[in-house]
Every structure is written in C-alpha cells, then in structure tokens.
J.: 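Below is the structure I would like to discuss, written out as structure tokens.
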2 protein chains.
Amino acid sequence: MKSTEEKILKAATKMFSEYGYNGVSTKKIATAAGVNEVTIFRHYTNKSNLLQAVIKHYSFEGNIIEKVKSDLTGDVERDLEIFAEDYYMFLVNNIKMYKIQMREITDEAKRFTNSVEYVEFMRDYLQKKVDINEFTGDPSIISKGIISMIMGIFTFNTYAPDVFDGVPNRRLICEYVDKIVKLYVVKKRTLKC
Amino acid sequence: MKSTEEKILKAATKMFSEYGYNGVSTKKIATAAGVNEVTIFRHYTNKSNLLQAVIKHYSFEGNIIEKVKSDLTGDVERDLEIFAEDYYMFLVNNIKMYKIQMREITDEAKRFTNSVEYVEFMRDYLQKKVDINEFTGDPSIISKGIISMIMGIFTFNTYAPDVFDGVPNRRLICEYVDKIVKLYVVKKRTLKC
DNA sequence: TATAATTGCAAGCAAGTACTTACATACAAT
DNA sequence: ATTGTATGTAAGTACTTGCTTGCAATTATA
C-alpha cells in the first residue's frame, strides 16, 4: 500500500511532466493522486515546494553512476556499449523527469547533473584505457560525443519520432558506438550492427 | 519602424520561450511589446491564437532546405560539413522556437517538421553519392545520426552547458563529421579538427 | 479504551487571468 | 474638413488558482 506522500509525488511527477508546472493545478494533482487538495498542502506546504520534492526525489532514484560501475567489464569495446546502453536506459526510465527538467528548471547548474557526472566518469575511464594503450581516441571528446548522440536520439524520439521514420533508437546508437570502436579501439572484435 | 503586429509577435515569442505559454499573461506580453493588452486581442483574438501565430510565423522564417540547397557544392566531404553546419545554425537561430516546440506543441506530428524534411533531403543526397560510388555509408542511418548528434549537442548546450565543460559545440560536431568522412567517403581530403 | 495523528469536506478569500465593452485620442486618406 | 482606422484608457466580468481555516470522520497507537 502506497503512502499518501508517494501517491502525491507520483501524480505530481506525471502531471508536471505532461502539462508543465503552470499547466496543472494543485486541485488536479490531488484528484490524480486520489487525495484531497488540502492534503497536498499539509505535506508539501505549497506548490513550488512540491515541485522541488519531485526533483529531489528523482535525484535519489536515478543513480546512474552506481549502475554503470556495476555493469562495466573492463573490456573497452564491451564497456563502450554499456556506457551507451546504460545512459540510454537512464533517459528512458526518467523520461518524465527529463521533460520536467526541460520545462521547469531555470537554473542551468541544477539541470542534468546526472549527465555531468556521467560524462566525467566516462572520460576518466577512457583516459585509463588510453594510458594502457587499449584506446586511442580523445577521452574528453568521445565521452561527450556519446552522450550527445544519445541525448539527440532520445530527444527526437520523444518529441518528433517522425524524424527516424521507423529506424529504432538502438540501431542508431549501435552504429555510432561501432564507429568509435572501428576508429579507436585497439583490439577490435566483431561488429554488432 | 516596426508594425504593431511585429512587436507583439516578437514579444510573445520571447515570453513564451522563456516562461512557457501558461507561465506568462497577455498583460505581460503587452507590456513587453510596448502596447496595450487590448491591442493584442484586437489583432489575435485570443491567447491561443497568438501562440499559433508565433509558430506559423516561424515556419516561414526558417526555411532550412532552401538554405542548404544553395550552400551545397557537390563534393561529399565538404557537403557533409555543410549539412552539419547549416542544421546547427538553424537550431541556434531558432532557439526560441525550439524551446516553444519542446514545451507547448502537444501534437508530435507538428513538431520539428523542418527536421523531418531536412533528414529526408540529406538521405536522398547521400543516396545519390552512394549510387555514383563516392560514399559507402548507409544514407538513412548517417543522415539520422548527423542530426541526432547536432540535436544532442544543442540540447546540452542549451539546458546544461556544464556537460561540455568548455569544449565548443563546433569541435564536437567537426569530430563527428570527421569520423563519417574517414569511414565512408571515398576520396578523402585532410582532417579538419 | 483513550489519545494522537492523519485525512476528508465545505467554505471561503485574495489575487490573478483571459477577455469584453465603451469611449476617447491620434493620425492618415479622402 | 471629414471620415475611417488604429491605438490607448478605464472599468468590469466570469472564472481559476493557490492557499487557509474549522470541523468532522477515520485510523493508528498506547
């Protein structure tokens, strides 16, 4: 059984992501959550505070660095795929928060902080592989390129899937990772796509 | 001297892109435009209609297909750079509309229609180059990859520039185009970045 | 069983919103 | 000089919104 706070938080996340902060009323959020409007104010004081709670709740939920750390194998080629896949799944799983961040967070420094950490972590990983001569690309550029590509694919897929005309996201991601492998990984294996 | 309608349209574009449709009042748009609120209703009937006018006005302004057609040289390597540069500049020049599209257009089919046309045009261009053996990549995948990469770079740069940590957008774009040239262009020239 | 905490309900308030109406003013075309 | 057109001003209407208050009902705890 879900607690009242959870119900409110879940409904708020859904409504904010669909209609935007100013596009939905506390009354509607309450209805969606199946609680009385007053209950929202009792728990979160005011509407703005509720949005902050939604954002805060998300940052604990989606710890992508821990996830990728536990997935990595040590093999550069495989790990590049994992970096791409994990980041893509992170966006897919947090699509509501992605939309909220796009719309409501006005402070740049607080937006996509997960992505900032992720790209730094990937850069450091690749640098180590460069040091032991397993990888020849520029870690800073490659890591930023990978998450940019995935963000772009995800953005189009979310807002204008027509652009891809049926070509699946993973195919595009795989093709891109393949290019990097071909050009910069020392011991290449077979191509995946 | 700008006409009243232009002043309103410009102010509305700015306000909608910054604060969202529901985040700004007609009163505020009027003040920003330096006209009386009533004048807005006389020209655009209602607020929703004003948003439509903003979107419509933009679709005439940013004809990216005509632009790239006149820029293309026939040389694959150079033209790939042009496709990338023109699309990037298109996004930069229309950043306000980009934000409005993200926030306010709920009908997917009407979002990023320019990009849909652009990617089709690029795909057809590349297919011709494949037919005459100047290019060996998959036109459908490569064209979608290019605009995805640029969209991703632009998205991060707009919403979370921290991700790039000072690395310029054009550098990332150039690196990506270089990869495609290296792998798929038959007669390669020198590298650009 | 008694007590405390959580929630629902009804009413309301102050402010803001989109939009309207009526009238006055400025200016350009005839 | 007159007329039509575009704009400003002032006032107001009907509605929504965020938020509060008081009280009753329910549930959990002791």
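Note on naming: letters A, B, ... go to the chains in the order of the sequence lines (proteins, then strands), and numbering restarts at 1 for each one. Computed from a prediction, not measured in an experiment: that's the story for all the values here.
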J.: Test of understanding: with side-chain hydrogen bond (donor to acceptor under 3.5 Å, both in side chains), list the residues that count as partners of B:Asp162, not counting sequence neighbours.
T.: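 So B:Asp162 forms no side-chain hydrogen bond (donor to acceptor under 3.5 Å, both in side chains) with any residue.
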J.: Would you mind telling me which of D:dG18, D:dT9, D:dG8 lies closest to the side-chain atoms of B:Val38?
T.: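 For the B:Val38 side chain, the nearest candidate turns out to be D:dT9.
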J.: Establish whether B:Ile141 and B:Val185 are linked, either directly or via other cluster members, by ILVMFWY side-chain heavy-atom contacts under 4.5 Å.
T.: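 Yes: a chain of side-chain contacts under 4.5 Å links B:Ile141 to B:Val185.
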J.: Residues two or more places apart in sequence or in another chain: which of them pass ring pair (Phe, Tyr, Trp, His ring centres under 6.0 Å) with A:Tyr98?
T.: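 Testing A:Tyr98 for ring pair (Phe, Tyr, Trp, His ring centres under 6.0 Å), a comparison that skips the adjacent residues, returns A:Phe154.
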J.: For A:Asp75, give me all partners under side-chain hydrogen bond (donor to acceptor under 3.5 Å, both in side chains), at least two apart in sequence or on another chain.
T.: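 Partners of A:Asp75 under the side-chain hydrogen bond (donor to acceptor under 3.5 Å, both in side chains) test: A:Arg189.
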J.: Between D:dG22 atom P and A:Asn36 atom CG, what is the distance in whole Å?
T.: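 Whole-Å distance recorded here is 17 Å.
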J.: A:Tyr87: which residues meet the side-chain hydrogen bond (donor to acceptor under 3.5 Å, both in side chains) condition with it, sequence neighbours left out?
T.: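 For A:Tyr87, the residues satisfying side-chain hydrogen bond (donor to acceptor under 3.5 Å, both in side chains) (neighbours in sequence not counted) are A:Ser115.
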J.: Could you tell me the boundaries of the chain B footprint on DNA chain C, defined by atoms under 4.0 Å from its heavy atoms?
T.: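 Span of nucleotides near chain B: C:dT17 to C:dT21.
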J.: Could you pull out all donor-acceptor pairs under 3.5 Å where a side-chain atom in residues 167-181 of chain B meets a protein atom, sequence neighbours excluded?
T.:
from: B:Asn169; atom 1: ND2; to: B:Tyr88; atom 2: OH; distance (Å): 2.9
from: B:Arg170; atom 1: NE; to: B:Glu85; atom 2: OE1; distance (Å): 3.0
from: B:Arg170; atom 1: NH2; to: B:Glu85; atom 2: OE2; distance (Å): 2.8
from: B:Arg171; atom 1: NE; to: B:Glu175; atom 2: OE2; distance (Å): 3.4
from: B:Arg171; atom 1: NH2; to: B:Glu175; atom 2: OE2; distance (Å): 2.7

J.: Just jot down the side-chain hydrogen bond (donor to acceptor under 3.5 Å, both in side chains) partners of A:Glu5, sequence neighbours excluded, or say none.
T.: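 A:His43.
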J.: Run the side-chain donor-acceptor check on residues 17-27 of chain A: report pairs under 3.5 Å with partners two or more places apart or on a different chain.
T.:
from: A:Ser17; atom 1: OG; to: A:Thr13; atom 2: O; distance (Å): 3.2
from: A:Ser17; atom 1: OG; to: A:Lys14; atom 2: O; distance (Å): 2.9
from: A:Glu18; atom 1: OE2; to: A:Lys14; atom 2: NZ; distance (Å): 2.8
from: A:Tyr21; atom 1: OH; to: A:Ser48; atom 2: N; distance (Å): 3.0
from: A:Ser25; atom 1: OG; to: A:Lys28; atom 2: N; distance (Å): 3.2
from: A:Thr26; atom 1: OG1; to: A:Glu37; atom 2: OE2; distance (Å): 2.7

J.: Which atom pairs, one a donor and one an acceptor, fall under 3.5 Å between side chains of residues 90-97 of chain B and the rest of the protein, sequence neighbours left out?
T.:
from: B:Asn93; atom 1: ND2; to: B:Met89; atom 2: O; distance (Å): 3.1
from: B:Asn94; atom 1: ND2; to: B:Phe90; atom 2: O; distance (Å): 2.8

J.: Contact list please: residues 11-31 of chain A against DNA chain D, heavy atoms, distance less than 4.0 Å, in numerical order.
T.: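 Nucleic-acid contacts, sorted: A:Val24, A:Ser25, A:Thr26.
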J.: Got a sec? Which of residues 41-56 of chain B come in under 4.0 Å of DNA chain D, heavy atoms?
T.: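 Residues of residues 41-56 of chain B under 4.0 Å from DNA chain D: B:Arg42, B:His43.
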J.: Could you pull out all residues at least two apart from A:Tyr44 that satisfy ring pair (Phe, Tyr, Trp, His ring centres under 6.0 Å)?
T.: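 Listed in chain order: nothing, the list is empty.
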